[in-house]
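Notes follow once the structure below has been shown.
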Amino acid sequence: MVRARLVIAVVLGAVVLAGCGAIGPPFVGFVANHDGHPIAGRWFAGLTVRGIGGTHLTQVDCRLAWIGRHWSYGSLPARTRRVYVPGTHRVAKVVCAWKIPKAAAGKWLHGFAAGYFAKGAEECGAFETIPVWRIRR
């Protein structure tokens with residue numbers, strides 16, 4: 001029997017959305033948290049979105065779906081926890097967590113995240129696909 005392996009992608013760069021001027025160094029980092037595999041019926045904090053080099057996040061969108069062999073069973077609503085820069089109201093990073101349904105045991109999770117930030121007077125964003133995890137029973 002082959003055991004499913006956890007696939008984690010740690011991404012320090014991101015794709016910057018159009019309309020934000022020249023693409024330079026990364027402004028938003030997407031990091032897979034190392035708290036193990038998601039377990040059916042429990043909360044799973046699987047992704048952290050953070051500003052890089054003094055970038056302060058204005059909004060974060062985390063989406064996750066659990067899939068079977070050939071189709072998607074639906075998306076899971078994310079619960080986010082914001083971490084602020086000490087002494088300010090600026091968001092330094094956001095941790096995304098999901099309640100994994102019991103019926104999702106043995107299925108796979110996948111999705112994407114987007115982090116938005118202000119660059120001058122423009123609202124810009126970066127997005128990245130979320131790592132794929134196998135849900136344990």
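Side-chain atoms are counted along with the backbone in the values below, which use heavy atoms only and exclude waters and symmetry mates.
Counting heavy atoms from C-beta outward, Glu128 and Phe112 have side chains that stay 4.5 Å or more apart. Looking at Leu47 and Val31, their side chains never come closer than 4.5 Å, going by heavy atoms from C-beta outward. A 4.5 Å side-chain heavy-atom check between Pro101 and Leu76 finds at least one atom pair inside the cut-off. The shortest side-chain heavy-atom distance between Leu57 and Val28 falls under the 4.5 Å cut-off. In this structure, Cys96 and Val60 have side chains that are in contact, with non-hydrogen atoms separated by less than 4.5 Å. Between Leu109 and Ile135, the closest side-chain pair of non-hydrogen atoms falls below 4.5 Å.
Follow the hydrophobic side-chain contacts under 4.5 Å out from Val95 and you never reach Phe44; the two are in separate clusters.
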Trp43/Arg79 under side chain to side chain contact (heavy atoms under 4.5 Å, CB included): CA gap, chis, key distance, verdict = CA-CA 10 Å; Trp43 281 95; Arg79 177 179 287 180; 3.7 Å; yes
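Summarising the local packing, NZ of Lys99 is surrounded by more than 12 heavy atoms from other residues, nucleotides or ligands at distances under 6.0 Å.
The main-chain N or O of Gly106 is found under 3.5 Å from a side-chain atom of Arg134 such that the two form a donor-acceptor pair. Not a single donor-acceptor pair under 3.5 Å links the side chain of Thr80 to the backbone N or O of Val94.
The shortest heavy-atom contact between Arg82 and Val91 is CD-CG2, 4.1 Å. Heavy atoms only, all atoms of each residue included: Lys102 and Gly41 are closest at CG-CA, 3.7 Å. Between Trp98 and Ala78, the shortest heavy-atom distance links the atoms NE1-CB, 3.3 Å.
Applying the salt bridge (charged side-chain N to carboxylate O under 4.0 Å, His left out) criterion to Arg63, with sequence neighbours excluded, gives Asp61.
Within the structure, every pair that satisfies the side chain to side chain donor-acceptor pair (under 3.5 Å) test and touches residues 85-95, not counting sequence neighbours, is listed here: His56-Arg90.
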